*Asks:* 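I am attaching a structure below and will ask some questions about it afterwards.
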Number of protein chains: 2
Amino acid sequence: MKIDRAVVKALPLFDRMSDEDLDKLLGHASPRRVPQGDTVFEQGQPAVSFYLLLHGRLKVTQVTADGQQIIVRVVHPGDLFGFAKALQRSDYPGTAIAAAESLTLGWPTDLWPSFVEHNPRLAVSAMQTIGQRLEEAHTRIREMSTQEVERRVAHAVLRLAKKAGRKEDGGIRIDFPISRQDIAEMTGTTLHTVSRILSAWESLGLVEGGRQKLIVKNPAGLSELAEGSKDQA
Amino acid sequence: MKIDRAVVKALPLFDRMSDEDLDKLLGHASPRRVPQGDTVFEQGQPAVSFYLLLHGRLKVTQVTADGQQIIVRVVHPGDLFGFAKALQRSDYPGTAIAAAESLTLGWPTDLWPSFVEHNPRLAVSAMQTIGQRLEEAHTRIREMSTQEVERRVAHAVLRLAKKAGRKEDGGIRIDFPISRQDIAEMTGTTLHTVSRILSAWESLGLVEGGRQKLIVKNPAGLSELAEGSKDQA
DNA sequence: CGACAGTTTGATAGGATTCAATCCTTGTGG
DNA sequence: CCACAAGGATTGAATCCTATCAAACTGTCG
């Protein structure tokens, strides 16, 4: 399969890299088409590769010892994922599963250290990426510590709309199949509660739901909910 | 104030650095004694320096828009902290306050990029550090999503015992002043609930409480609680 | 047109927060 | 050295949000 160099070059992570270096990088990369529902790697497997998502959408999940599942994060096009080696561990901490048909680019994990040492710029960029992810994690911790479920769901939906939203007639549609269960696993609640909340929102005209479908009709209204306007009164 | 080079050199983050480079590094560092209750930096301030904790104990807190406070993490001796620049932001995301009298080493933030570019090894180490922190954050998210309060508190206490425990007559003492409120802010609950839980544990002989004091008498018993033995039955 | 996966909705129970009051402990000042 | 202030901790009672249990519904796919 032919890899479009321009696509990769457009990503912030690689934009400072010379064409020469980039070609060398792409020379080692293996593209892979991932059908919906298939996994790129699974929790506990040895980390043999790290990846870049070119197209589609992935969910990274973790299963706890007692069988409960959570969604750690959603991978959007342009995101690097599965670089366990950078986290100083030899196996993947989670499972990456395609929420929609996806296209990934994979490199052998062994190449990571040499990449980083040969391209300090890349090292800095990668570190910033992880840093941002850390901040997102802290945001989530903060939300889960201090906010009730409805606000957390509001935040999660707004984030999805921003990261994976596509404008549509009178609303922003989440551009990949997403279930109530998924949202529940992102916010630390149950699908029942999510369903109730979305139903309530739908009757308020804030969103429009459906089977694995979600359209935000009134982002401003949702934001108000998310920010907890009740304190302002 | 004289800085003990050997102390710094012993840290994993710097152990691969040459004496020469290390001296250059320390030449730019400013040591600072931080009395209990004082802050090293505060949330929202411009990130002028990044730090290393040599001695003592710090709590990194965040305050939400509506005034609620959470403890993001506890900084232990040997930990790097406050490197907001690496997270691609110009201000500190949280406040670092001394839980006990502490000693820090600070460098101007501007030096960070040059450090990293001149010492790829350091870049890798730093990235691993952030990576570990990310994992910790995910662990916390997972716990908050799936576990009831008592198990979360058990985990938090065990972590504290491991990171800041000091053996004592028939128990492991958390070696810095810590209140129920602190534990509540670490686990996303209220001090009341924490107090009730600790009281219950004390009557079971698992811990011994007191004013800003906590001694783990039976780590194994606590672990059992933390792992959720109820599912095993 | 079944069958299944996803969704909705009702009823119930329970864990945790909130509100409130009291009790300790520690440090300070007279 | 003792008393008092002040922050910290404990405990009770009531409430409420959310999970759980349970059942029915519906859109979609083969």
Side-chain angles (χ1 to χ4, degrees), chain A residues 35-37 59 64 66-71 97 99-100 143-154 156-157 174 176-204 207-215 225 228 230-231, chain B residues 35-37 59 66-70 97 99-100 143-154 156-157 174 176-204 207-215 225 228 230-231:
Chain A
Q36 185 177 128
K59 298 181 288 190
T64 63
D66 53 324
Q68 299 212 64
Q69 182 169 290
I70 66 159
I71 293 182
I97 185 169
E143 287 178 3
M144 300 202 33
S145 294
T146 64
Q147 301 173 7
E148 63 270 41
V149 173
E150 186 173 21
R151 284 178 66 181
R152 300 208 302 261
V153 174
V157 170
I174 309 301
F176 65 98
I178 185 160
S179 69
R180 311 291 133 116
Q181 178 70 41
D182 289 334
I183 297 176
E185 288 174 10
M186 288 192 280
T187 52
T189 181
T190 63
L191 82 160
H192 305 258
T193 300
V194 171
S195 180
R196 284 182 228 278
I197 289 172
L198 291 185
S199 294
W201 288 354
E202 188 152 8
S203 68
L204 289 173
V207 302
E208 190 186 314
R211 189 192 186 76
Q212 306 221 100
K213 188 182 77 166
L214 188 56
I215 299 172
L225 259 180
K230 79 166 78 158
D231 301 307
Chain B
Q36 186 177 126
K59 297 180 288 190
D66 53 322
Q68 299 212 65
Q69 181 170 286
I70 66 159
I97 185 170
E143 286 179 4
M144 301 201 27
S145 295
T146 63
Q147 301 174 6
E148 64 270 39
V149 174
E150 186 172 23
R151 284 177 67 181
R152 301 207 303 260
V153 175
V157 169
I174 308 301
F176 66 97
I178 185 159
S179 68
R180 312 291 133 118
Q181 179 70 43
D182 289 334
I183 297 176
E185 288 174 10
M186 287 190 277
T187 52
T189 182
T190 63
L191 80 160
H192 306 268
T193 300
V194 171
S195 180
R196 285 181 227 277
I197 289 172
L198 290 185
S199 294
W201 287 354
E202 188 152 8
S203 68
L204 290 173
V207 303
E208 190 186 314
R211 188 191 183 77
Q212 306 222 101
K213 189 184 75 166
L214 188 55
I215 300 172
L225 259 179
K230 82 166 75 159
D231 301 308

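It should be emphasised that the depicted structure is a prediction, and the values quoted were computed from it without experimental measurement. Just the heavy atoms: all of them, side chains too, but no hydrogens, waters or symmetry mates, feed the values below. Order of the sequence lines sets the chain letters (A, B, ...), proteins ahead of strands, with each chain counted from 1.
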*Asks:* Determine the minimum heavy-atom distance between A100(B) and P177(B), stating which atoms define it.
*Replies:* CB-CD, 4.1 Å

*Asks:* Contact list please: residues 187-198 of chain B against DNA chain C, heavy atoms, distance less than 4.0 Å, in numerical order.
*Replies:* G188(B), T189(B), T190(B), H192(B), T193(B), R196(B)

*Asks:* Might you point out which heavy atoms bring L225(B) and A154(B) nearest each other, and give the distance in Å?
*Replies:* CB-CB, 4.5 Å

*Asks:* Please give, in whole Å, the distance from dA19(D) P to E150(A) CD?
*Replies:* 13 Å

*Asks:* If I compare all heavy atoms of E208(A) with all of K213(A), which pair ends up nearest, and what's the gap?
*Replies:* OE2-NZ, 4.1 Å

*Asks:* Could you tell me whether G209(A) contacts a base, only the sugar-phosphate backbone, or nothing, with contacts defined as non-hydrogen atoms closer than 4.0 Å?
*Replies:* nothing

*Asks:* One character per nucleotide, please: for nucleotides 25-30 of chain D, 5' to 3', B when the base has a protein heavy atom closer than 4.0 Å, S when only the sugar-phosphate does, - otherwise.
*Replies:* --BS--

*Asks:* Between I183(A) and I178(A), is the side chain to side chain contact (heavy atoms under 4.5 Å, CB included) condition met? List the steps.
*Replies:* CA-CA 8 Å; I183(A) 297 176; I178(A) 185 160; 4.1 Å; yes

*Asks:* On a heavy-atom basis, which atom in T193(A) and which in V149(A) lie closest, and how many Å separate them?
*Replies:* CG2-CG1, 3.8 Å

*Asks:* Can you name the closest pair of heavy atoms from M144(A) and R152(A) and give their distance?
*Replies:* CA-CD, 3.6 Å

*Asks:* Write down the atom of G209(A), the atom of L214(A), and the distance for their closest heavy-atom approach.
*Replies:* CA-CD1, 4.4 Å

*Asks:* Given axes from five pairs at either end, by how many degrees does the helix from dC1(C)-dG30(D) to dG30(C)-dC1(D) bend, rounded to 10°?
*Replies:* 30°

*Asks:* Reading DNA chain C 5' to 3', which nucleotide is the first, and which the last, to come under 4.0 Å of any heavy atom in chain A?
*Replies:* dA5(C) to dA11(C)

*Asks:* Starting at CG of L214(B) and ending at P of dA9(D), how long is that distance when rounded to a whole Å?
*Replies:* 10 Å

*Asks:* How long is the straight-line distance from CD of Q36(B) back to CZ of F176(B), given to the nearest 0.5 Å?
*Replies:* 10.5 Å

*Asks:* Look up atom CD1 in I71(A) and atom CG in D182(A), then write down how far apart they are to the nearest 0.5 Å.
*Replies:* 4.0 Å

*Asks:* Can you sort out the partners of E143(B) under salt bridge (Lys or Arg N to Asp or Glu O under 4.0 Å), two or more places apart, ordered by chain and number?
*Replies:* R159(B)

*Asks:* For residues 194-201 of chain B, which side-chain donor-acceptor pairs fall under 3.5 Å, sequence neighbours excluded?
*Replies:*
from, atom 1, to, atom 2, distance (Å)
S199(B), OG, S195(B), O, 2.9
W201(B), NE1, E150(B), OE2, 2.9

